[in-house]
Amino acid sequence: MKKSALQIARAAYNPKMPKALYGSVKVEEGAATQSVADQEEVKKLFPNTYGMPTIKFVETSEKVNLPAINVGVILSGGQAPGGHNVIAGLFDGIKNMNVSSRLFGFLMGPGGLVDHDYKELTADIIDEYRNTGGFDIIGSGRTKLESKEQFDKGLEILKKLDIKALVIIGGDDSNTNACVLAEYYKEINAGVQVIGCPKTIDGDLKNEMIETSFGFDTACKVYAEVIGNIQRDCNSARKYWHFIKLMGRSASHIALECALQVQPNVCIISEEVEAQKLSLDDIVTDIANVVAKRAENGNNFGTVLIPEGLIEFIPAMKGLISELNDFLAHHQREFNAVPKDDQLAYIQKNLSAENAKIFASLPSGVARQLTLDRDPHGNVQVSLIETEKLLAEMVGNKLAEMKAAGKYKGKFAAQEHFFGYEGRCATPSNYDSDYCYSLGYTAAALIAAGKTGYMSSVRNTTAPASEWIAGGVPVTMMMNMERRHGEMKPVIQKALVKLDGAPFQYFAAHREEWAVGTEFVYPGPIQFFGPSEVCDQPTVTLRLEQGR
Ligand code: FBP
């Protein structure tokens, strides 16, 4: 593989870790835990892994001799910068325990475990991938690991390779399934521990013990860099409004973090749209009013940030999606048999009158995307819905109406962008390089401590890395019951933007001045070499959440 100059220089970077992890550690147990909601139901479904205590690793002077262990690792779901460092940290952690320990990577996601596709990750291979973006060391995939048959098939290869612990690096859905797997292996006494690691650029896998999911920091910095560049371009030419959709699935954490970094003219937060029960027309009117206001000052340009999940949060759309989910869960086979050209009419015929009307009002592309494009977990693939185009077009129409009514005098030309995939495999920032390596190393410590059904947790990350706190949190603690595919299921609760949280409050307090004034900030590219205040800053979200 031909390497860039940055790749070569970056390979030499030594990720920083919590101080405790540099020597021998012992486990300090916290109080017993319970799930965030629906305690009785979750407890019943996880009799072997429910209620376990949180764990913190603290330094000890005792030298611990540990036996060699074979460990498996899986990368699951969408890519997020830093995944390679989780694996590097895990590798170094188990080797530090005992040099004869071995690490096996299952290929192309959870499917690799079921299909027995794997490769041993040796020191040479790991060294090639330290501090690099991407998941290409073993690949990733979205196969849903959920049936007993899959678990048993996986166990065959784990037994064959003498693997005693499996680390699943994934988002909320993958870690939910990791927990179901941990419970099952414990119930049947399989002798395999299962540990999760919190991954996703979306930033929606977080709670009091998991400060952030890895990859969020780097992805937001990449998007903020390019939004900043666009803002400087539009402040120079002064002729375009840029409608920028940002990845992030349901939650608006990415849009909010980018807004905090770049100070755009408008940023929509889906969670607020839902709370205020805004309709699509309300959103369009709000944006058009900002465009008109800026036009009064001769500013016919600006930026609008749009979270990709917006459509799901508009109350009327939410009701429609939920009915579609239930309908498709029970009629997928019949739906598949309907000729392509008749599918939309078929759906419309089977919806309630209210939802059929909304469905009919959508551009056919959007209606099709809502109906057809689901991932294996049943999520609407919001990345594929072109909300930025929909909004730009609707704002244009609204402004034309306002002009006709004498309420707007400016010029409006729109450019649309979608930033998503370009941020998911970026070279991890120092924060993600350090955080991920520490998560992997902590996973190794959880394995050594004999734990299963835990997620690796590294906290206090707005402080210098030496003060970070490494530990583990039982996955059942994050669970509640939710309706999926028409059935109630135990799942990790998604963390959406909190409207009373410090990041949103800061944004809400400043958005009016950002809307009318041109207060753009240009963050520039991620820096790896230079002063700490340029290279080591965590996200603004995290700093505001932690009051730093
Ligand atoms: P994960 O939740 O698996 O981390 O995926 C993150 C994400 O990038 C979302 O932001 C986006 O909606 C989705 O993946 C896109 O999925 P795909 O890569 O399958 O197109």
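Atoms within each ligand, like the ligands themselves, are counted from 1 in listed order.
- Between Leu278 and Asp282 the shortest heavy-atom distance is CA-OD2, 3.4 Å.
- Of all the atoms in ligand 1, the ones that sit under 4.0 Å from a non-hydrogen atom of Gly77 are 3 (O).
- Polar contact with ligand 1: absent for Ile201 (N/O pair, distance under 3.5 Å).
- Residues Thr54 and Met477 come closest through the heavy atom pair CG2-SD, 4.0 Å.
- Counting heavy atoms closer than 4.0 Å to ligand 1, residue Asp202 contributes side-chain atoms (C-beta onward) but none from N, CA, C or O.
- For the pair Lys389 and Phe243, the cation does not sit on the ring face, since its NZ or CZ is not both under 6.0 Å from the ring centre and inside 45° of the axis.
- Residue contact check: Tyr421 has heavy atoms under 4.0 Å from atoms 15 (C), 17 (P), 18 (O), 20 (O) of ligand 1.
- Checked by distance only, ligand 1 and Ser76 stay at 3.5 Å or farther apart across all their nitrogen or oxygen atoms.
- For Glu225, the salt bridge (charged side-chain N to carboxylate O under 4.0 Å, His left out) test picks out no residue, with sequence neighbours left out.
- For Gly171, the heavy-atom gap to ligand 1 stays at 4.0 angstrom or more.
- Less than 4.0 angstrom separates some heavy atom of Lys199 from each of these atoms of ligand 1: 1 (P), 3 (O), 4 (O).
- Within the 4.0 Å heavy-atom shell around ligand 1 one finds Gly248.
- In terms of the salt bridge (charged side-chain N to carboxylate O under 4.0 Å, His left out) criterion, Lys498 has no residue partners (sequence neighbours excluded).
- No option in Asn480, Asp173, Asp202, Asp172 other than Asp172 meets the side chain to side chain donor-acceptor pair (under 3.5 Å) test with Lys494.
- The residue among Glu308, Arg142, Arg424, Arg249 with a heavy atom at the shortest distance from atom 12 (O) of ligand 1 is Glu308.
- In this structure, Lys199 is not positioned above the aromatic face of Phe214 in the sense of NZ or CZ being under 6.0 Å from the six-membered ring centre and within 45° of the axis.
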